[in-house]
Number of protein chains: 2
Amino acid sequence: MTAPTTRTDPELARLAASFERLFELLRRLTPEPMSLTSASTLRRLDRAGDHRLSELATAEGVTQPAMTQLVSRLERDGLVVRAGHPSDGRVVMVRITDAGRELVHRRREVRDLRLAALLAELSPADRAAVVAVAPVLDHLTELAKGA
Amino acid sequence: MTAPTTRTDPELARLAASFERLFELLRRLTPEPMSLTSASTLRRLDRAGDHRLSELATAEGVTQPAMTQLVSRLERDGLVVRAGHPSDGRVVMVRITDAGRELVHRRREVRDLRLAALLAELSPADRAAVVAVAPVLDHLTELAKGA
DNA sequence: TATTGTTATACTCTATAACTATA
DNA sequence: TATAGTTATAGAGTATAACAATA
């Protein structure tokens, strides 16, 4: 018998466990049940403008048929519209509507307010530490994209 | 026209956006696609032992029928077993199997290794800042439970 | 009668395979 | 022939309503 395969650094395991709990917290912090992909797609359209349907599928990591259905549901709910492409008849351009934008902004606002309420209960020093670590977390997520 | 309703502190919005991206990162960091509820349920059974089916439903925030089905799928896949209750014939106790435990541990190990690889690319100061913030994040998630 | 769990039904969300329309 | 998108089909995962078994 050999030692257990990979023994990860306990400091790392501690951080990973903290992240795991934070993950659960964030999962419950945003209101109005909506799939992660739906919410992410709407945010993308709000942030970066119109996209081809196939671009959305690739960006969100789902198949083209899955995105076809997602866009159909969003369109049925009045959150996006399908528009043709001027020079290529095969292409479907997806555009967010005013209602879609409002939904994105409202969800973000509620989430921010809830997070603010939690942060308000931390000590000033702890709050400062969390706020200060934001750029580092961004760096971490940027690194992950490259990997 | 009045000003936009609630204007949240930009520092807070920044942190919330960082958390949002971290959420996406963590979601993609763990291997073998498995629903958040399935993974969370298995982790709970691994960590805190046997549970009644109804306890699991409440703890995971899903309905009893949804948990009935989830447990059935986990049982079919050999990750949990249903056991009777010694003194109350209505109760179904759910127990994780060795295979279920192995799955939980393997997923955690892979996630830790991937996280370690990312952290290794940070500067020592940034890495220290992230590690140092772990207890504060735990405090934050504890506060959320009370709310 | 109340509690615990399951079954019935319906909808979202995802995948793979087959198809249509345009280039 | 290749590309963009849809339709067909199947399964996971969720809900509410109705039911069965036990307390």
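Below, read A as the first sequence line, B as the second, and so on, with proteins coming before strands; counting in each chain starts at 1.
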d(CG, A/D88; P, D/dA2) in whole Å: 17 Å
Check B/D112 with B/R107, please: is the shortest side-chain N to carboxylate O separation under 4.0 Å? no
Whole angstrom is fine here: how far is it from CG in B/L70 over to P in D/dT14? 7 Å
Side-chain contact check for A/P65: nearest option of C/dA23, C/dT6, D/dT6 is D/dT6
Is it true that B/E60 and B/S40 share a donor-acceptor pair across their side chains at a distance under 3.5 Å? yes
Can you tell me if the side-chain N/O atoms of B/T68 get under 4.0 Å from OP1 or OP2 in C/dG5? no
With a 4.0 Å cut-off on N to O distance, would you call B/E20 and A/R108 a salt bridge? no
Which of C/dT6, D/dG5, C/dT9 is nearest the side chain of A/Q64? It is D/dG5
Counting only heavy atoms from other residues, nucleotides and ligands, does the tally under 6.0 Å from CZ of B/R14 exceed 12? yes
Quick one: is C/dT12 close enough that its OP1 or OP2 comes under 4.0 Å of any side-chain N or O from A/R76? yes
Within the 4.0 Å heavy-atom criterion, would you say A/S72 contacts the bases, only the backbone, or no part of the nucleic acid? nothing
Between A/S38 and A/R73: side-chain donor-acceptor atoms closer than 3.5 Å: no
Per nearest nucleotide of DNA chain C, the residue lying toward the 5' end, A/Q69 or A/S87, is A/Q69
Between A/L36 and B/V91, whichever has its closest DNA chain C nucleotide further toward 5' is B/V91
Which residues, if any, of residues 39-63 of chain B bring a heavy atom under 4.0 Å of DNA chain C? B/R52, B/L53, B/S54
Testing D/dT14, C/dA21, C/dC13 for proximity to the side chain of B/R73, the answer is D/dT14
With the side chain defined as heavy atoms from C-beta on, A/R90 is closest, among C/dT4, D/dA4, C/dA15, to D/dA4
Could you walk me through whether B/L118 and B/L25 satisfy the side chain to side chain contact (heavy atoms under 4.5 Å, CB included) test, starting with their C-alpha distance in whole Å, then the side-chain angles of each, then the deciding distance to 0.1 Å, before giving a yes or no? CA-CA 11 Å; B/L118 288 179; B/L25 167 63; 4.1 Å; yes
With respect to the phosphate group of C/dT4, does any side-chain polar atom (N or O) of B/R82 fall under 4.0 Å of OP1 or OP2? no
Write down the distance between CE (B/M34) and P (D/dA12), rounded to a whole number of angstrom. 12 Å
Quick one: does A/L140's side chain get under 4.5 Å of B/L122's, heavy atoms only? yes
